[in-house]
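Working notes, structure below.
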Amino acid sequence: MSNIGSFDERVRTFDWSIAERELEYTAGSGINIGWYCADRICAKGGAQKLALLWENAQGEEKRFTYDDVRVYSNAVGAFLRRLGVERGDRVCLFMDKVPELYIGAVGVLKIGAIAQPLFSAFGDESLHVRLENAGTSVIVTQRKHASKVRKILDRLPQLRHVVIVDHDGARALKEREVAFRMEAERVETLDLCPTTAESPSLLHYTSGTTGMPKGVQHVHYSLVSQYLTAKWVLDLTEKDIYWCTADPGWVTGTSYGIIAPWSLGVTQVVLDAGFSAEAWYRLIEKYRVTVWYSAPTAIRSLMKAGDELVKQFDLSSLRHLISVGEPLNAEAVVWSERVFGLAFHDSYWQTETGSIVISNYPGLPIKAGSMGKPFPGVTAGLLDVQTFEPITAPGVVGVIALRPDWPAMMRGYWQNEATYQAKFKNGWYMPGDRARLDREGYFWFVGRDDDVINTAGHLVSPFEVESALLEHPAVAESAVVSKPDPINMEVVKAFVALKPGFSPSDELELDIMNFIRKKLSPLAMPQAIEYVASLPKTRSGKIMRRLLHAKEWGEDLGDTSTIEND
Ligand code: 6R9
């Protein structure tokens with residue numbers, strides 16, 4: 001079935017020029033992801049092929065051919081240029097999974113601007129921090145999200161325009177707002193920005209342990225990795241109907257939800273709706289989805305919905321399943337094999353790596369619970385957690401380390417060189433995760449090497465939640481840790497000490513939860529709040545999150561000798 005041939009053979013003969021040749025790219029020439037995702041496919045005879053099969057929760061449907069993607073991305077590019085957007089400017093895409101988000105990203109890239117996708121459920125504070133940090137000059141959004149932008153406009157003097165893609169014209173536009181209808185005109189030609197390999201393409205914000213979210217800077221050359229990993233790991237071919245369930249607010253939704261499928265000329269399906277097991281199976285049945293890229297939380301939710309539901313649908317079109325974002329538990333692999341007749345293949349990577357770096361290859365035996373092996377052309381190993389010396393013995397836990405030499409590796413954190421440099425040691429890049437290696441070179445994920453919370457595959461910074469909690473009138477101090485959860489793997493839990501004059505109550509708990517949901521996002525909202533008189537701190541005054549975390553997970557508390565107030 002597969003594109004990839006023998007894995008061992010691929011490793012022996014690997015060279016990134018394999019992808020460059022297929023993309024007809026030669027070093028030093030121009031490369032523009034936007035052009036590759038639309039114009040090139042049309043030029044190769046794919047103009048009438050379907051690029052996007054879209055539907056939403058209300059049952060509205062839309063179809064776009066590659067020629068539609070080409071002309072409408074031209075329209076977006078031309079419109080932004082008229083607004084004064086120039087090469088290198090940051091354009092934020094803040095929308096639900098509407099066609100304007102996918103095609104808009106292609107348009108932004110065509111004019112050499114930097115696409116900054118942000119998850120549409122972000123609240124005003126999450127949005128503000130990221131727009132301010134990036135110095136974003138234009139935000140493209142929908143009516144339903146515009147109020148969040150209005151709230152922070154005063155604090156964002158550099159944000160020149162708020163483009164609304166579904167303005168009905170009936171209501172008055174507010175300050176800095178402009179209306180734009182992507183499908184109003186087929187714009188046949190657009191001067192493509194002559195970007196080259198190292199020209200910036202996307203800026204994706206991701207959460208870290210300390211400090212505010214970091215903007216991960218990618219370049220147009222990332223295409224080379226995204227194209228080849230999609231071909232070999234996702235096993236995408238021209239005949240496939242592909243469904244990537246990720247939102248382009250996160251990296252999976254851009255690398256493998258826009259760039260990879262469209263540069264390969266594949267037809268993809270997008271469902272702009274919340275999760276429902278029934279709706280998901282119906283979508284697969286209706287569009288005859290063949291390749292499905294999803295995430296462990298979704299798989300666990302499907303498991304919970306039961307085997308009987310699966311039987312009500314004809315899912316026989318499916319031929320390859322891949323998962324990303326969190327540890328894929330062995331039970332989920334065994335379950336998918338039983339109900340779909342296909343095992344989910346794990347893939348491991350992150351915002352910073354831009355493309356898959358470790359995975360279960362098609363054709364390579366799956367060890368349920370393992371992430372698989374490094375992609376050919378990616379050198380991965382483990383380093384001792386203390387000395388950073390390479391570990392070769394099987395079974396020993398170490399930090400994952402990668403030689404940063406594949407095309408999609410980030411080029412930096414936006415205006416944060418120190419944090420970027422701190423991710424490297426002796427020529428290795430450390431993604432911040434721990435794993436074990438077995439005798440056959442398979443990687444087994446152990447956990448994060450930091451305090452970042454992975455809830456339903458989305459990274460949440462405890463620091464960001466703690467900072468937001470402090471803005472609540474009742475909160476004196478707080479500590480945020482993860483708490484185990486059967487579906488989402490982890491959820492956010494907050495320990496809160498109240499200011500004098502406030503007393504614990506269920507009402508206050510709800511109020512605090514909602515406060516965070518609105519300010520940050522539903523993902524960052526604590527699912528549990530525990531009131532405490534004070535928080536455990538080190539003698540130097542640092543909150544001991546580690547201790548609270550260990551309690552939540554029923555782990556050994558370790559060395560507590562530095563605690564001030566037991
Ligand atoms: C693509 C994406 C990255 C972090 C990563 C790790 C966790 C991702 C995983 C996995 C276990 C897998 N992660 N894939 N953990 N097994 N297959 O998810 O990017 O949002 O940046 O998250 O997610 O901790 O470092 P991002």
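Every number for a ligand or one of its atoms is a count from 1 in the order of the listing. Note that the structure is a prediction, hence the values are computed from the model and not measured.
Ranking the protein heavy atoms by distance from atom 4 (C) of ligand 1 puts Arg448 NH1, 3.7 Å first. Protein heavy atom nearest atom 24 (O) of ligand 1, with residue, atom name and distance: Asp433 OD1, 2.7 Å. Nearest non-hydrogen protein atom to atom 12 (C) of ligand 1 is Glu326 O, 3.3 Å. Protein heavy atom at the shortest distance from atom 3 (C) of ligand 1 is Gln350 CB, 3.3 Å. At the shortest separation from atom 22 (O) of ligand 1 among protein heavy atoms lies Leu459 CD1, 3.5 Å.
Listed by atom number, the atoms of ligand 1 under 4.0 Å from Pro327 heavy atoms are 11 (C), 15 (N), 16 (N). Heavy-atom contacts of Ser347 reach the following atoms of ligand 1: 12 (C), 14 (N), 17 (N) (cutoff under 4.0 Å). Set against the non-hydrogen atoms of Val251, the atoms of ligand 1 under 4.0 Å away are 1 (C), 19 (O). Residue Asn454 approaches ligand 1 through these ligand atoms, each under 4.0 Å from one of its heavy atoms: 7 (C), 23 (O). Below 4.0 Å from some heavy atom of Thr252 lie the following atoms of ligand 1, by number and element: 1 (C). Taking every heavy atom of Thr351 and a limit of under 4.0 angstrom, the matching atoms of ligand 1 come to 19 (O), 20 (O), 21 (O), 26 (P).
Outside the 6.0 Å centre-distance limit, the rings of Trp232 and Tyr361 are not counted as a close aromatic pair. For Trp250 and Phe119, the ring centers are positioned less than 6.0 Å apart. In summary, the aromatic rings of Trp292 and Phe340 are positioned with their centroids under 6.0 Å apart. Checked against the 6.0 Å centroid threshold, Phe14 and Trp406 do not count as a close aromatic pair.
Residue contacts with ligand 1: Trp250 is excluded, as none of its non-hydrogen atoms falls under 4.0 Å.
Side-chain atoms of Arg130 do not come within 3.5 Å of backbone N or O of His128 as any donor-acceptor pair. Asp96 places no side-chain N or O within donor-acceptor distance of the main-chain N or O of Val98, the cut-off being under 3.5 Å. Looking at Arg319, its side chain never comes within 3.5 Å of a backbone N or O of Val291 through a donor-acceptor pair.
Contacts between Tyr348 and ligand 1, counted as non-hydrogen atom pairs separated by less than 4.0 Å, involve both the backbone and the side chain. Proximity of Trp349 to ligand 1, defined as any heavy-atom pair under 4.0 Å, is shared by backbone and side chain alike.
Of the candidates Ser255, Gly325, Ala246, the one placing a heavy atom closest to atom 8 (C) of ligand 1 is Gly325.
At a cut-off of 3.5 Å, with distance as the only test, a side-chain donor of Asn329 or Arg300 sits close to an acceptor on the other residue. For Tyr442 and Asn360, the side-chain atoms include no donor-acceptor pair closer than 3.5 Å. Checked by atom type, the side-chain pair Tyr256/Gln268 shows no donor-acceptor distance below 3.5 Å.
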